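Everything below concerns the one structure shown next.
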Amino acid sequence: MTSLLILNGPNLNLLGTREPEIYGAATLADVEAACVAHGTAEGITVACIQSNHEGALVDAIHAAKGAHAGIILNAGAYTHTSIALHDAIAGTQIPTIELHLSNVHAREEFRHHSYIARVAVGVICGFGAAGYTLAIDAMLAHLGEAS
Ligand code: DQA
C-alpha cells in the first residue's frame, strides 16, 4: 500500500496556540488526524512526524527512503535556512511537496526564499490546515495514484 510521510518542522507542535491569526486554530494533532483520515479515504497509509531539530528532520527524510512514496514537508523556519534539508531531499530523491500554512510570499522578506522549493515537486502555501490534504491529493496525482 502506498505510504506518505507528513513531516513537520520547528514550532509546528505549537499549532492551535501559536499566532492563530496567521496559522489558524487547528492543533498539530487535528492536522495529523485529518491527514490520516484523508489517507484512509484515498486507500493509502499516512505517517506523521514532527521535530524541532534540523538533524532529526534530516534523519526522518533518510529513513523515509524505501518506506514512503512521498513526503509532505512543512519545514517551518528551516525552509528559509537549511541547506541540509535541501541536500537530504536531493540525496534521497524522494518526491517532496513543500507546504506552508501561511502565504509566505505575502509575509516578511526573509520568508520569500526557500531552500526546499528547488528540490520539491511543487509548493502549496496559504491555504491553512487544508493545505495538508490538498498536498496529499497533489502528491497522489504526481505519483499517478489518485483515486
Ligand atoms: C510556516 C512559514 C514559515 O515561514 C514559518 O517559519 C513557520 C511556519 C507556515 O506553515 O506557514 O514556522 O512554514
Side-chain angles (χ1 to χ4, degrees), residues 3-42 44-65 67-143 146:
S3 180
L4 300 182
L5 175 64
I6 310 294
L7 185 56
N8 280 294
N11 299 307
L12 291 160
N13 54 310
L14 299 180
L15 280 182
T17 56
R18 174 195 185 196
E19 299 177 276
E21 68 285 2
I22 297 174
Y23 299 115
T27 66
L28 181 62
D30 294 336
V31 168
E32 291 180 343
C35 288
V36 170
H38 193 67
T40 301
E42 293 294 326
I44 63 158
T45 299
V46 170
C48 303
I49 296 174
Q50 186 274 331
S51 176
N52 293 319
H53 304 280
E54 187 176 14
L57 295 168
V58 170
D59 286 343
I61 292 168
H62 293 180
K65 185 80 182 166
H68 303 288
I71 300 174
I72 314 298
L73 174 62
N74 185 348
Y78 289 142
T79 304
H80 319 298
T81 63
S82 181
I83 298 171
L85 287 178
H86 166 287
D87 287 354
I89 296 163
T92 56
Q93 291 288 300
I94 303 171
T96 299
I97 292 178
E98 175 183 338
L99 176 90
H100 304 283
L101 294 138
S102 64
N103 178 358
V104 287
H105 300 289
R107 299 182 63 196
E108 302 96 323
E109 189 105 19
F110 63 81
R111 297 185 202 278
H112 296 181
H113 177 262
S114 166
Y115 281 102
I116 309 299
R118 199 181 163 85
V119 287
V121 172
V123 180
I124 293 176
C125 71
F127 296 100
Y132 285 85
T133 48
L134 291 171
I136 289 172
D137 290 342
M139 181 60 82
L140 291 180
H142 173 75
L143 296 172

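Counting starts at 1 for both ligands and their atoms, in listed order. All values below were derived from every heavy atom in this structure, side-chain atoms included, with hydrogens, water molecules and symmetry-related copies excluded. Note that this is a predicted model, so its numbers are computed, not measured. Residue numbers start at 1 and run along the sequence shown.
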*Any idea which residues sit under 4.0 Å from ligand 1, heavy-atom distances?*
R18, Y23, N74, G76, A77, H80, H100, L101, S102, V104, R111
*State the CD-CG distance between Q50 and L28, to the nearest 0.5 angstrom.*
6.0 Å
_Those residues that, when tested against Y115, pass ring-ring contact (aromatic ring centres under 6.0 Å, His included) (two or more places apart)_ = H113
*Listed by chain and number, what are the salt bridge (Lys or Arg N to Asp or Glu O under 4.0 Å) partners of E108, not counting sequence neighbours?*
R111
*Spacing of I44 atom CD1 and L140 atom CG [to the nearest 0.5 Å]*: 4.5 Å
*Please list, chain by chain and in numerical order, all residues satisfying side chain to side chain donor-acceptor pair (under 3.5 Å) with T27, sequence neighbours excluded.*
D30
*Only one of H80, E98, H86 forms a side chain to side chain donor-acceptor pair (under 3.5 Å) with S114, so which one is it?*
E98
